[in-house]
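Chain naming here is simple, since letters A, B, ... match the order of the sequence lines and numbering starts at 1 in each. Side chains included, hydrogens not; waters and symmetry mates left out as well; all remaining heavy atoms used.
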2 protein chains.
Amino acid sequence: MDLLEAIRGRRSVRSYKVDPIPEKKLKVVLEAVRWAPSWANTQCWEVIVVRDQQTKRKLVDTLSKGNPSREAILQAPLTLVLLGIEGRAGFYKGEVCTEKGDWYMFDVGLAMQNLCLAAHAMGLGTVIVGYFDAAKVAEILQVPPGRAVVAMTPLGYPKEVPPPPKRKEIEEFVHYEEYGSR
Amino acid sequence: MDLLEAIRGRRSVRSYKVDPIPEKKLKVVLEAVRWAPSWANTQCWEVIVVRDQQTKRKLVDTLSKGNPSREAILQAPLTLVLLGIEGRAGFYKGEVCTEKGDWYMFDVGLAMQNLCLAAHAMGLGTVIVGYFDAAKVAEILQVPPGRAVVAMTPLGYPKEVPPPPKRKEIEEFVHYEEYGSR
């Protein structure tokens with residue numbers, strides 16, 4: 001699929017078919033994570049692939065009751081949980097070097113976008129879920145200290161693809177030469 | 001350009017031609033930012049396009065002396081500075097709702113990856129720079145409170161494209177069903 005078409009066409013999919021995903025497609029999605037850029041090439045992410053329905057049920061319990069992604073996680077054949085490796089991005093010689101502290105959120109964001117685009121290019125849906133009890137997810141998936149549970153997404157064939165939510169116009173978020181200058 | 005080819009082929013480019021960029025290409029890059037996903041579609045980012053050589057020189061002074069991206073920013077015809085809008089992503093009914101606080105770093109990461117891929121698809125180079133004095137950049141670009149200067153990248157035609165830095169194998173960062181299970 002054409003890159004720009006993928007960027008414009010990707011939607012947050014909250015309704016999935018139960019059909020399994022070929023291993024080959026999963027591998028391409030993981031390759032997309034692999035090739036994301038990162039702070040000094042620290043590649044400060046890990047991925048947990050969850051297929052077990054009982055584990056998915058436990059994950060869903062860490063989301064708030066009204067979250068529409070609960071059903072999505074249960075429907076789709078698998079869920080990918082992205083972790084950040086702490087203490088690498090945003091560090092120089094072992095010390096935090098910007099006022100933002102650890103940069104794993106930024107780098108996991110880069111990797112997640114590659115993941116979502118690659119999935120979309122192969123006809124698969126994703127929806128980024130970040131609103132859950134990360135401590136409980138860490139317990140369920142045996143995530144050790146030093147690894148932060150950042151976000152998860154179901155991965156599967158979309159049953160319904162929603163229309164794009166409204167976007168700001170370019171003029172609304174772009175400035176020239178300095179802030180406030182359109 | 002094919003999406004997967006773009007993901008694999010994108011490099012961090014630190015050497016640029018001075019050739020200007022057609023407005024049309026810049027617009028496509030900004031459209032790519034526009035279509036990134038974000039927390040509850042908050043689109044919590046802004047972009048400052050800097051072409052003025054004197055401003056670029058000031059920006060470069062906020063990077064550490066040895067940073068190889070200094071020269072890149074001076075060479076490339078323009079630099080894009082990405083801001084995060086504080087207090088939107090990671091919030092529910094006005095309150096922080098995860099232990100990670102503000103999620104703008106994650107969402108700006110998603111947008112930045114779209115930007116880098118779209119640039120690459122049009123033959124343009126980028127290199128994400130996050131290691132600088134953000135307070136000084138905010139002062140130079142008149143960025144108001146409530147907006148965080150997150151990262152910048154030069155944008156231009158590559159003079160040299162470096163070979164890909166080594167990546168972890170998939171087996172090194174992917175787990176199945178729970179952490180530690182390969």
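With a 4.5 Å cut-off on non-hydrogen atoms, B:Ile170 touches chain A through its backbone and its side chain both. For A:Trp39, the part sitting under 4.5 Å from any heavy atom of chain B is the side chain, from C-beta outward, and nothing else. Only the side chain of A:Glu99 comes within less than 4.5 Å of a heavy atom in chain B; its backbone stays farther off. Interface residue A:Val149: only backbone heavy atoms are found under 4.5 Å from chain B. B:Lys168 touches chain A through backbone and side chain together, each having a heavy atom under 4.5 Å away. At a 4.5 Å heavy-atom cutoff, A:Leu78 makes no contact with chain B through either its backbone or its side chain. For chain B, the nearby part of A:Ile85 is the side chain; its heavy atoms alone come within less than 4.5 Å. Looking at B:Lys56, neither its backbone nor its side chain comes within 4.5 Å of chain A, counting heavy atoms on both sides. Heavy atoms closer than 4.5 Å to chain B are found in the backbone of A:Glu172, but not in its side chain. Looking at A:Ala6, the atoms closer than 4.5 Å to chain B (heavy atoms on both sides) all sit in the side chain, from C-beta outward. Both the backbone and the side chain of A:Ile48 come within contact range of chain B, with heavy atoms under 4.5 Å apart.
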Taking it one step at a time, do A:Lys136 and A:Asp61 satisfy side chain to side chain contact (heavy atoms under 4.5 Å, CB included)?
-> CA-CA 9 Å; A:Lys136 277 195 194 146; A:Asp61 282 341; over 6 Å; no
Any chance you could lay out the salt bridge (Lys or Arg N to Asp or Glu O under 4.0 Å) test for B:Arg34 and B:Glu31, step after step, and finish with the verdict?
-> CA-CA 5 Å; B:Arg34 186 173 175 236; B:Glu31 276 285 326; 3.3 Å; yes
Please assess B:Val150 against A:Trp103 for the test side chain to side chain contact (heavy atoms under 4.5 Å, CB included), listing each intermediate value before the final yes or no.
-> CA-CA 10 Å; B:Val150 175; A:Trp103 276 64; 4.2 Å; yes
B:Leu141 and B:Thr55: CA distance, side-chain angles, deciding distance, side chain to side chain contact (heavy atoms under 4.5 Å, CB included) verdict | CA-CA 8 Å; B:Leu141 300 177; B:Thr55 308; 3.7 Å; yes
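Side-chain contact between B:Arg14 and B:Pro154: absent, with no pair of heavy atoms (C-beta onward) separated by less than 4.5 Å. Here the side chains of B:Thr126 and B:Leu155 are in contact, with some heavy-atom distance below 4.5 Å.
Residue with the most contacts toward chain A among B:Leu30, B:Leu117, B:Asn114: B:Asn114 (heavy-atom pairs, distance under 4.5 Å).
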